[in-house]
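Working notes, structure below.
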Amino acid sequence: MQKKWPEILLILEKTLTPAQFSVWIKHLAPCGDGNCLVLFAKNSFLADFIRSNLYARIDEAVKAVLGLSCALRIEAAPAQDAPLLAGLSADDAANKLRSPGATPAAGKPRDIATAARQEAAAALEGSGIILPDQAARIDAGCAPPSFGGKPGSLADIASEGRRAAEVSFKLSPRPLPNIQHLALPIQAPERNSFNSGRSWRFSFEDFVVGPSNELAFVASQGICGNALSADVLFLSSSPGLGKTHLMQAVGKRLGEDCNRSRPRVEYLTAEEFASRFYLSIKSNDTENFKMRYRNLDMLLLEDVHFFQGKEKMQEELLATMNALTDKGGKVIFSSSFAPRDLVNMVDQLQSRLCAGFASSISFPDLETRRRILRNKAGKHRISLPGEVEEILATHIKSDVRQIESCLQNLILKATLLNSAITLQMAWDAVSSFAGEKPILDLDGIIRQVCQGFGISTEQLFSKSRKQEYVSARNTAYFLARKHTDLSLEAIGNHFNRRHSTVIKGITNLEREINRQTPLGRQISGTLGMIEKNGNILR
């Protein structure tokens with residue numbers, strides 16, 4: 001077992017931050033046999049923290065080296081006892097620690113009171129904080145405090161020390177030394193870390209269901225349990241119609257209902273997935289990448305159309321899907337395009353995507369928009385007048401995000417003016433957004449795009465690759481798909497382009513807007529202006 005421990009350490013050193021590895025992992029002492037590995041921390045505070053926060057990472061590394069059948073335990077044992085435990089089986093080591101006749105190592109306290117005081121001091125040691133009452137109690141060598149009238153155990157003392165340290169850290173108005181040690185367990189989780197308790201923004205309870213999204217809603221709920229037999233769910237829609245909401249709701253539900261204490265869930269965009277894959281290749285660390293993503297309970301991957309034309313990336317995604325689903329895991333994809341519309345995809349991957357359960361989300365109808373407005377207004381603790389609700393629901397049709405943004409602007413204006421929401425405020429708010437679906441055919445869209453970008457129709461249809469012409473074409477593709485019933489192929493034919501060019505153009509446009517680049521902000525502003533100019537308010 002000791003011979004394999006360096007290999008496990010090497011994996012952990014690469015997957016954890018340097019601070020996490022040096023503070024929590026580096027000094028663990030291993031013992032056991034091929035069926036069970038026990039890692040001994042120098043006190044119960046360290047052991048408790050590692051069990052609560054790092055167990056899943058360590059367990060993955062152990063199983064990668066020792067096999068899936070090897071169990072893992074984290075126990076507390078003073079560092080001076082580690083040499084006495086080396087070479088023993090897990091049960092023998094535990095029995096030796098529990099044995100009342102065991103000979104204490106040099107410097108080890110013989111009485112419970114002294115051990116308790118040292119345990120409390122150890123709990124505070126890593127944070128660099130010694131509270132006055134704790135310091136006085138430890139220095140004076142007094143007996144341990146009691147809990148509920150009974151003498152405190154070592155675990156109770158350690159727990160009290162931890163709570164006191166954390167309270168002092170949160171309330172202290174001045175910087176404290178060595179604060180990074182205490183900050184580790186309370187730092188905010190990264191978006192893509194294994195964490196079923198992450199701060200998900202959305203849930204199923206606050207999703208407004210209507211005819212346009214009912215199937216996607218039911219399928220998303222079904223994949224959380226056994227109601228949906230498919231292990232792959234593909235959600236597609238135009239931007240702002242609820243794909244992200246449903247994916248985050250799935251992640252939240254899995255964390256709440258899973259029979260595992262820490263289900264392994266990864267939520268990220270396709271671009272982030274690709275960046276991590278290429279980084280692992282560059283650092284010669286692909287095995288850790290594969291171990292991370294092929295042993296999940298669920299993978300939530302947004303904007304999968306980003307993989308179009310990236311053959312090596314598609315092959316890795318296919319291998320990840322197969323490995324994950326073979327072990328009972330599930331995958332949810334989102335995209336602006338249906339699986340059949342994706343181009344330049346590996347045949348096997350396209351087949352897998354089409355074989356899963358695909359559900360599209362369309363634009364909400366009038367009644368659904370009314371209920372969305374009531375739901376959003378309720379969250380802001382306001383009641384919209386009926387006439388105001390009717391104006392917003394009638395004239396903002398194409399994007400749920402626009403509904404929410406318009407409502408927020410209306411509420412902010414009323415708050416700043418310290419007045420009730422009026423009809424005039426509602427009309428002013430609506431006029432600032434893309435209201436009713438523009439009454440524009442493809443020729444009207446082309447005319448508005450040329451006017452917005454300051455180019456001629458000949459320049460728009462030319463083969464020139466100037467950035468302003470390309471951006472204008474992509475904008476025309478985007479608006480034609482959003483505001484007409486034309487297929488991607490029909491749009492491409494109108495511009496003398498292939499439908500794959502139309503998809504690529506729309507993808508690049510959405511990418512720039514989502515990244516909030518200078519070009520993306522410029523395009524977003526132009527889109528709003530074009531849609532507003534094409535809008536007819538009643």
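Note that these values count all heavy atoms, side chains included, but never hydrogens, waters or copies made by symmetry.
Arg340 places no side-chain N or O within donor-acceptor distance of the main-chain N or O of Ala338, the cut-off being under 3.5 Å. With hydrogens and angles ignored, the 3.5 Å screen pairs a side-chain donor or acceptor of Asp297 with a backbone N or O of Arg264. Side-chain atoms of Arg253 never come within 3.5 Å of backbone atoms of Phe204 as a donor-acceptor pair (strictly under, hydrogens ignored). A distance-only check finds a donor-acceptor pair linking the side chain of Asn53 to the backbone of Phe49 [under 3.5 Å]. Between the side chain of Asn474 and the backbone N or O of Ser471, no donor-acceptor pair lies under 3.5 Å. Remark: side-chain polar atoms of Asn409 are not paired, donor with acceptor, to backbone N or O of Val430 under 3.5 angstrom. Of the possible polar contacts, one joining the Gln248 side chain to the Arg201 backbone as a donor-acceptor pair under 3.5 Å is found. With hydrogens and angles ignored, the 3.5 Å screen pairs a side-chain donor or acceptor of Asp365 with a backbone N or O of Thr368.
What you find for Pro364 and Val400 is that their closest heavy atoms are CG-CG2, 4.3 Å. The shortest non-hydrogen separation linking Ser336 to Glu510 is OG-OE1, 2.8 Å. Between Leu366 and Ala393, the closest heavy-atom pair is CD1-O, 3.6 Å. The two atoms that bring Ala219 and Leu233 nearest to each other are CB-CD1, 3.9 Å, heavy atoms only. Nearest heavy atoms, Ser220 versus Val250: O-CG2, 3.5 Å. Across every non-hydrogen atom of Leu410 and Leu392, the tightest pair is CD2-CD1, 4.1 Å.
Of the N and O atoms on the side chains of Ser238 and Lys482, not one donor lies less than 3.5 Å from an acceptor on the other residue. Using modelled atom types and a 3.5 Å distance limit, the side chains of Thr269 and Glu302 yield no donor-acceptor pair.
With a 4.5 Å cut-off on side-chain heavy atoms, Glu468 and Ile455 count as touching. Counting heavy atoms from C-beta outward, Cys224 and Leu254 have side chains that stay 4.5 Å or more apart. Between Asp303 and Ser335, the closest side-chain pair of non-hydrogen atoms is not below 4.5 Å. Contact check for Leu241 versus Asn213: no side-chain heavy atoms found under the 4.5 Å cut-off. With contacts defined as side-chain heavy-atom distances shorter than 4.5 Å, the pair Leu442/Leu486 qualifies. Under the 4.5 Å side-chain criterion, counting only non-hydrogen atoms from C-beta, Phe461 is in contact with His494. Leu488 places a side-chain heavy atom less than 4.5 Å from the side chain of Arg481. Considering only heavy atoms from C-beta on, Glu404 stays 4.5 Å or farther from Arg401 through its side chain.
The structure places CG of Leu353 at 8.5 Å from OG of Ser351, a figure rounded to the nearest 0.5 Å. Atom CG of Leu300 and atom OG1 of Thr244 lie 10.5 Å apart (nearest 0.5 Å). Glu390 CD to Leu384 CG: the interatomic distance, rounded to the nearest 0.5 Å, is 11.5 Å. Distance check: Thr457 OG1 to Ile446 CD1 gives 7.5 Å after rounding to the nearest 0.5 Å. Rounding to the nearest 0.5 Å gives a distance of 10.5 Å between CG of Asn375 and CG of Leu407. Residue Ser500 holds its OG atom at 12.0 Å from CG of Asp341, rounded to the nearest 0.5 Å.
For Lys330, the NZ atom is densely surrounded, since the number of other residues' heavy atoms within 6.0 Å is greater than 12. Other residues, nucleotides and ligands place more than 12 heavy atoms under 6.0 Å from the CD atom of Gln408. Counting non-hydrogen atoms of other residues, nucleotides and ligands closer than 6.0 Å to CD of Glu205 gives a total above 12. Other residues, nucleotides and ligands contribute at most 12 non-hydrogen atoms within 6.0 Å of the CD atom of Glu311. Environment of CZ in Arg374: crowded, with over 12 heavy atoms of neighbouring residues, nucleotides or ligands closer than 6.0 Å.
In this structure, Phe234 has its ring center at least 6.0 angstrom away from the ring center of Phe357. In this structure, the ring of Tyr293 has its center no less than 6.0 angstrom from the ring center of Phe277.
Using a 30° and 60° split on the angle between ring planes, Phe207 and His245 fall in the perpendicular class, above 60°. The aromatic rings of Trp200 and Tyr267 sit tilted relative to each other, their planes meeting at an angle between 30° and 60°.
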Given Tyr278 and Phe289, is the ring-ring contact (aromatic ring centres under 6.0 Å, His included) satisfied, shown in steps?
CA-CA 10 Å; Tyr278 290 129; Phe289 178 89; 9.5 Å; no

Residue pair Ser203, Asp206: steps toward the side chain to side chain contact (heavy atoms under 4.5 Å, CB included) verdict
CA-CA 6 Å; Ser203 67; Asp206 54 20; 3.5 Å; yes

Steps toward side chain to side chain contact (heavy atoms under 4.5 Å, CB included) verdict (His305, Ile503):
CA-CA 9 Å; His305 52 268; Ile503 292 177; 5.7 Å; no

Test log, rule salt bridge (charged side-chain N to carboxylate O under 4.0 Å, His left out), inputs Arg370 and Glu367:
CA-CA 5 Å; Arg370 289 193 185 109; Glu367 180 55 34; 3.1 Å; yes

Decide side chain to side chain contact (heavy atoms under 4.5 Å, CB included) for Ile506 and Phe337; before the verdict, give the C-alpha distance in whole Å, the side-chain angles of both, and the deciding distance to 0.1 Å.
CA-CA 10 Å; Ile506 295 173; Phe337 310 97; 3.8 Å; yes

Stepwise salt bridge (charged side-chain N to carboxylate O under 4.0 Å, His left out) check, Arg498 with Glu489
CA-CA 7 Å; Arg498 293 176 297 181; Glu489 187 173 1; over 6 Å; no

Walk me through whether Tyr469 and Leu460 qualify under side chain to side chain contact (heavy atoms under 4.5 Å, CB included).
CA-CA 6 Å; Tyr469 300 165; Leu460 181 69; over 6 Å; no

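A salt bridge is absent between Arg292 and Glu60; no separation between the charged side-chain nitrogens and carboxylate oxygens falls under 4.0 Å. Asp428 has a carboxylate O that lies under 4.0 Å from a charged side-chain N of Lys413, or vice versa, which qualifies the two as a salt bridge. Here Lys63 pairs with Asp59 in a salt bridge; the nearest charged N to carboxylate O distance falls below 4.0 Å.
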Under 3.5 Å, side-chain donor or acceptor atoms of residues 414-422 against the rest of the protein: list the pairs with distances, not counting sequence neighbours.
unit_1, atom_1, unit_2, atom_2, d
Thr415, OG1, Ile411, O, 2.8
Thr422, OG1, Met425, N, 3.3

Donor-acceptor pairs under 3.5 Å, side chain of residues 316-323 to any protein atom, not counting sequence neighbours: which ones?
unit_1, atom_1, unit_2, atom_2, d
Glu316, OE1, Arg294, NH2, 3.3
Glu316, OE2, Arg294, NH2, 3.1
Glu316, OE2, Thr320, OG1, 3.3
Thr320, OG1, Glu316, O, 2.9
Asn322, OD1, Arg352, NE, 3.2
Asn322, ND2, Leu318, O, 3.3

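For Lys310 and Phe306, the positive end sits near the middle of the six-membered ring, less than 6.0 Å away and at most 45° from its axis.
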